[in-house]
Amino acid sequence: MAKLRSVKGMNDLLPSEIPRWHRLEQVFRDTVHRYGFGEVRTPVVEPTELFVRGIGDTTDIVEKEMYTFEDKSEKSLTLRPEGTASCVRAYLEHAVGNVEPVSKWYYIGPMYRRERPAKGRYRQFYQAGCEIYGDPGPYVDAELIDLVVTYLGRLGITDVEVLINSLGSGDARARYRQALLDYLRPRAAELSEDSQRRLERNPLRVLDSKAAQDQAIAAEAPSLLDHLDDEDRAHFDGLIATLDAFGTPYRVEPKLVRGLDYYTRTLFEVKARSADLGAQSTLCGGGRYDGMIGDLGGPPTPAIGFAIGLERLLISLPDETPAPTLDAFVVVQRPELAVEGAKLARELREAGLRVDADLRGNSMKSQLRRADKSGARYAVVVGERELAEGSVQLKDLHAGTSTSVARAALNETLAGE
RNA sequence: GUGGCUGUAGCUCAGUGGUAGAGCACUGGAUUGUGGCUCCGGUUGUCGCGGGUUCGAUCCCCGUCAGUCACCCCA
């Protein structure tokens with residue numbers, strides 16, 4: 001057992017599992033490109049203040065989950081716990097809003113949260129996400145939800161549930177908060193310990209508590225949707241009408257709240273229905289954050305985004321046979337022919353083929369076994385006889401047949417397949 | 001942060017108070033130049049780490065670390 005290990009909750013991804021990741025990423029890129037998004041790449045490290053102000057200092061993420069450290073100039077830096085704040089920072093820093101009215105960005109990359117690892121939850125984890133700046137919706141809200149469902153569908157993940165809700169905005173949200181407090185305070189003693197703590201700091205969070213005694217109280221609580229003002233209501237109705245027009249299935253969940261402070265109006269979540277993920281069934285979370293850009297010192301700009309947890313997708317992803325990674329495998333009859341074999345492999349690679357060889361001096365049996373396992377369609381055998389007559393033996397590993405091919409014609413023969 | 005379960009070969013796991021085994025994988029051969037099937041052989045371990053009980057611990061006890069699952073929260 002090695003003494004040097006990866007950091008708890010941060011995992012290696014070895015070459016054998018990378019094809020599945022490539023698939024997740026390629027299908028994501030292809031899908032978001034269809035919707036007009038462009039990729040953005042931001043640093044993994046940001047000033048701590050960005051997350052404190054952007055995500056909110058009452059959130060669990062900022063309160064206890066960030067990897068924060070001081071660099072040598074005594075600035076406080078933090079490993080990004082999510083992607084939205086960084087994107088907003090970049091959007092403002094480059095004054096992108098002055099150049100184009102609407103920006104549609106996507107990102108794929110690692111995020112860091114110091115939580116207790118569990119199935120589908122890691123300390124370094126990968127998210128793919130989208131952000132739209134400058135469009136107040138509600139059509140883009142529906143577009144994003146549709147995009148996520150489409151993406152998952154293209155991966156073969158169809159057993160999902162889309163939950164939507166509206167948190168309202170501005171005064172409506174403040175009024176609701178007050179109404180909720182008025183309802184909850186007299187019942188505070190009956191709430192769970194966690195919810196009692198949440199009560200004053202972020203009462204909305206009591207609504208999605210999983211504790212049984214909280215759920216009973218939450219069930220009778222005033223509904224968010226009843227407190228929306230006319231504009232919020234119209235926005236939410238517009239979202240629903242658009243989803244209906246798309247034929248995208250969804251469920252209105254008035255108690256859907258989510259843990260980040262910055263959300264306004266539209267909130268959504270996509271959950272896997274299969275049991276594979278245990279308690280971490282949320283595949284995707286997102287929502288509108290019309291206030292954040294202004295809060296961070298920019299011009300008031302409507303914004304909406306989502307993030308998908310790629311590890312969780314991977315758990316839900318149906319298995320597929322991986323594509324072969326090699327076209328041909330060179331085999332030499334005797335160790336003395338290693339240089340010939342290496343040269344041949346090089347020539348084939350130069351011709352654009354994916355080629356490997358095993359020139360450690362082991363037996364042909366062993367070399368052919370590796371050729372077989374590599375998934376290569378062909379083995380190219382170099383032996384005494386072949387060398388003498390300037391040919392090579394081309395063995396079709398699927399069919400089990402062999403043919404003699406003039407060495408000069410090998411490139412063409414292989415390329416023609 | 002709290003609780004449960006588990007740590008034996010690269011992987012999946014069996015096992016006994018007298019310091020270890022199987023299957024897979026890897027590898028040699030049966031076939032002095034031909035994979036996938038079959039057969040025969042071979043390599044691989046500080047039995048997670050530290051301490052205690054014992055003549056003796058991989059096994060029993062305590063601690064610790066790690067993994068995992070659940071809670072919390074989230075992706």
Side-chain angles (χ1 to χ4, degrees), chain A residues 1-9 11 14 16 24 55 59-65 80-84 108-129 148 192-195 197-198 202 205 208-212 214 257-260 269-272 275 277-286 305-316 329 331-335 337 358 360-387 393-402:
Chain A
M1 209 56 67
K3 283 181 182 165
L4 250 27
R5 305 181 53 98
S6 71
V7 173
K8 183 192 187 84
N11 304 310
L14 299 180
S16 61
L24 289 183
I55 300 173
T59 58
D60 282 4
I61 290 178
V62 171
E63 269 186 346
K64 53 194 187 195
E65 295 175 1
R80 63 180 182 195
E82 53 109 59
T84 297
I108 301 175
M111 307 295 163
Y112 302 85
R113 292 183 202 172
R114 202 180 177 292
E115 299 178 89
R116 186 80 168 256
K119 187 176 193 179
R121 186 177 62 207
Y122 308 98
R123 289 182 170 184
Q124 173 178 293
F125 61 102
Y126 289 81
Q127 285 189 334
V148 173
S192 69
E193 212 173 296
D194 281 336
S195 287
R197 190 163 38 77
R198 290 182 193 124
N202 199 342
R205 296 269 298 285
D208 72 341
S209 167
K210 278 154 198 139
D214 295 346
V257 169
R258 307 191 53 71
L260 281 65
E269 195 167 289
V270 180
K271 294 172 95 74
L277 279 157
Q280 275 70 239
S281 60
T282 303
L283 299 176
C284 167
F306 69 80
I308 297 175
L310 295 185
E311 286 83 356
R312 293 181 185 182
L313 250 45
L314 211 61
I315 293 170
S316 314
F329 202 99
V331 170
V332 293
Q333 180 217 334
R334 293 192 296 112
L337 296 168
D358 183 352
R360 294 173 301 170
N362 44 355
S363 67
M364 285 191 68
K365 180 197 192 87
S366 161
Q367 293 177 62
L368 277 162
R369 257 204 292 259
R370 271 194 69 190
D372 185 47
K373 287 190 176 150
S374 76
R377 177 75 191 273
Y378 295 100
V380 181
V381 182
V382 181
E384 300 287 355
R385 290 198 298 273
E386 288 82 359
L387 197 60
Q393 184 190 126
L394 187 61
K395 187 180 177 75
D396 184 324
L397 290 168
H398 295 356
T401 55
S402 294

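First the proteins, then the strands, lettered A, B, ... as listed; each starts at 1.
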Without decimals, in angstroms, what is the distance between [X] [atom1] and [N] [atom2]?
X: A:Arg121; N: B:G1; atom1: CZ; atom2: C1'; result: 11 Å
X: A:Glu63; N: B:C74; atom1: CD; atom2: C1'; result: 14 Å
X: A:Glu311; N: B:C74; atom1: CD; atom2: P; result: 18 Å
X: A:Asp60; N: B:C72; atom1: CG; atom2: P; result: 12 Å
X: A:Asn362; N: B:G29; atom1: CG; atom2: C1'; result: 14 Å
X: A:Lys64; N: B:U2; atom1: NZ; atom2: C1'; result: 11 Å
X: A:Arg205; N: B:C74; atom1: CZ; atom2: C1'; result: 9 Å
X: A:Tyr122; N: B:C74; atom1: OH; atom2: C1'; result: 14 Å

A side-chain contact here means heavy atoms from C-beta on lying under 4.5 Å apart; do [X] and [Y] qualify?
X: A:Ile108; Y: A:Leu24; result: no
X: A:Gln333; Y: A:Val381; result: no
X: A:Gln124; Y: A:Asn11; result: no

Just jot down the salt bridge (charged side-chain N to carboxylate O under 4.0 Å, His left out) partners of [X], sequence neighbours excluded, or say none.
X: A:Asp372; answer: none
X: A:Lys271; answer: A:Glu269
X: A:Arg121; answer: none

With rounding to the closest Å, how many angstrom separate the [atom1] atoms on [N] and [M]?
N: B:U68; M: B:U54; atom1: P; value: 38 Å
N: B:G29; M: B:U34; atom1: P; value: 11 Å
N: B:C24; M: B:A14; atom1: C1'; value: 14 Å
N: B:G4; M: B:C49; atom1: P; value: 24 Å
N: B:G17; M: B:U53; atom1: C1'; value: 12 Å
N: B:C11; M: B:U19; atom1: P; value: 25 Å
N: B:G35; M: B:C26; atom1: C1'; value: 16 Å
N: B:G28; M: B:U16; atom1: C1'; value: 33 Å

Contact class for A:Ala371 (heavy atom, under 4.0 Å): base, sugar-phosphate, or nothing?
->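 If one applies the 4.0 Å heavy-atom cut-off, A:Ala371 turns out to touch nothing in the nucleic acid.
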Report which part of the nucleic acid A:Leu310 touches: base, sugar-phosphate, or nothing (heavy-atom distance under 4.0 Å, all strands).
-> nothing
When every nucleotide of nucleotides 34-42 of chain B is labelled 5' to 3' by its protein contacts under 4.0 Å (heavy atoms), B for base, S for sugar-phosphate only, - for none, what sequence of letters results?
-> BBB------
Under the ring pair (Phe, Tyr, Trp, His ring centres under 6.0 Å) rule, collect the residues that match up with A:Tyr112, sequence neighbours excluded.
->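 For A:Tyr112, no residue satisfies ring pair (Phe, Tyr, Trp, His ring centres under 6.0 Å) once neighbours in sequence are set aside.
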Return the set of residues passing side chain to side chain donor-acceptor pair (under 3.5 Å) with A:Ser402 (not counting sequence neighbours), or none when no residue passes.
-> A:Gln393
A:Glu65: partners by side chain to side chain donor-acceptor pair (under 3.5 Å), with sequence neighbours left out |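 Counting only residues at least two positions away or on another chain, A:Glu65 forms no side chain to side chain donor-acceptor pair (under 3.5 Å).
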Closest to side chain of A:Arg312, choosing from B:A70, B:C72, B:C74 | B:C74
A:Ser363 side-chain proximity, nearest of B:G33, B:U68, B:G29 | B:G29
All stems with RNA chain B, defined as three or more consecutive Watson-Crick or G-U pairs under 3.5 Å |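 For RNA chain B the paired stretches long enough to count as stems (3 pairs minimum) are B:1-7 with B:65-71, B:10-13 with B:21-24, B:26-30 with B:38-42, B:48-52 with B:60-64.
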Earlier contact from the 5' end, RNA chain B, for A:Lys8 and A:Gly309 | A:Lys8
Taking atom types as they are modelled, is there a donor-acceptor pair under 3.5 Å from the base of B:G3 to the side chain of A:Arg116?
-> yes
Per side-chain contact (heavy atoms from CB on, under 4.5 Å), A:Val331 is matched among A:Leu368, A:Val382, A:Val380, A:Asp358 by A:Leu368
Go through the structure and list residues passing side-chain contact (heavy atoms from CB on, under 4.5 Å) with A:Lys64, not counting sequence neighbours.
-> A:Asp60
